[in-house]
Amino acid sequence: MQHASVYRFKDRILVHPNCPTSAGILLSTAPFAVLPLTASDHELGLAVSAALASSSRVVAHPADWKGEALPRLAAAGVKTERAFQRLSSLVRILFDGTSFQLQPTHNGGGKGDMRGFHAIPGSKNIFPLAIEPDTLGAELRRALALCTD
């Protein structure tokens with residue numbers, strides 16, 4: 001399985017792989033691709049494909065969680081996890097070798113019982129292996145439009 005995340009902020013789109021650690025959890029990892037909101041669907045689709053391809057590698061389990069987040073926060077243009085959470089929308093992407101799954105999420109904020117990102121029931125879209133970068137980018141934009149906060 002390959003995993004990636006796509007975050008939309010007011011001024012940019014952040015795409016990155018989610019790699020398994022040696023302890024078995026998924027971790028947001030470099031490379032962090034930062035695209036302008038005006039990036040073409042083709043550029044967005046290529047960034048997602050690259051992130052997915054990079055997500056198969058196993059990375060070391062972090063000893064310093066705060067330091068681990070700094071490159072992702074910098075790529076997002078924010079200084080804190082709270083700002084990252086408050087200002088972003090997320091689509092999770094899964095590639096199982098035969099199809100792409102795009103899962104829009106609800107942003108529950110940074111505190112309380114519903115904090116974090118949660119899949120929106122019934123909003124997952126599945127696309128065949130042969131999807132072109134232009135189509136993948138366009139479908140990703142549709143998925144981002146379904147995200148709520």
Going from [atom1] on [X] to [atom2] on [Y], what distance comes out if it is rounded to the nearest 0.5 angstrom?
X      : Y      : atom1 : atom2 : result
Leu27  : His61  : CG    : NE2   : 8.5 Å
Cys147 : Asn107 : SG    : CG    : 9.0 Å
Asp134 : His42  : CG    : NE2   : 6.0 Å
Phe100 : Ile93  : CZ    : CD1   : 8.5 Å
Gln101 : His3   : CD    : NE2   : 9.5 Å
Leu146 : Lys124 : CG    : NZ    : 14.0 Å

Counting C-beta onward and ignoring hydrogens, is there a side-chain heavy-atom pair between [X] and [Y] closer than 4.5 Å?
X      : Y      : result
Glu81  : Leu73  : yes
Leu102 : Phe127 : yes
Gln85  : Arg82  : no
Asn18  : Ser55  : no

Do you know the tightest heavy-atom contact between [X] and [Y]?
X      : Y      : result
Leu144 : Ser89  : CD2-O, 4.3 Å
Met1   : Asp96  : SD-CB, 3.6 Å
Arg57  : Pro17  : NH2-CG, 4.0 Å
Cys19  : Ser54  : SG-O, 3.5 Å
Ser49  : Leu136 : OG-CD2, 4.0 Å
Ser123 : Gln103 : OG-NE2, 3.1 Å

Check: Would you call the rings of Tyr7 and His16 parallel, tilted or perpendicular if under 30° counts as parallel and over 60° as perpendicular?
Finding: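 Aromatic pair Tyr7/His16 classed parallel.
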Is there a path of hydrophobic side-chain contacts, each under 4.5 Å between heavy atoms, that joins [X] and [Y]?
X      : Y      : result
Val91  : Leu14  : no
Val34  : Leu44  : no
Ile131 : Leu140 : yes
Leu90  : Phe84  : yes
Val15  : Leu46  : no

Judged by modelled atom types alone, do [X] and [Y] share a side-chain donor-acceptor pair under 3.5 Å?
X      : Y      : value
Thr148 : His106 : yes
Gln2   : Ser56  : yes
Glu43  : Ser40  : yes

Margin query: Assess the residue pair Ile13 and Leu37 against the criterion (side-chain contact (heavy atoms from CB on, under 4.5 Å)); give the C-alpha distance rounded to whole Å, side-chain angles, the decisive distance to 0.1 Å, and a yes or no.
Written below: CA-CA 6 Å; Ile13 296 172; Leu37 294 176; 3.8 Å; yes
Notebook entry, point to check: Checking Arg92 against Phe117: charged group under 6.0 Å from the ring centre and within 45 degrees of the axis?
Noted result: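 Pair Arg92/Phe117 does not count as cation-pi.
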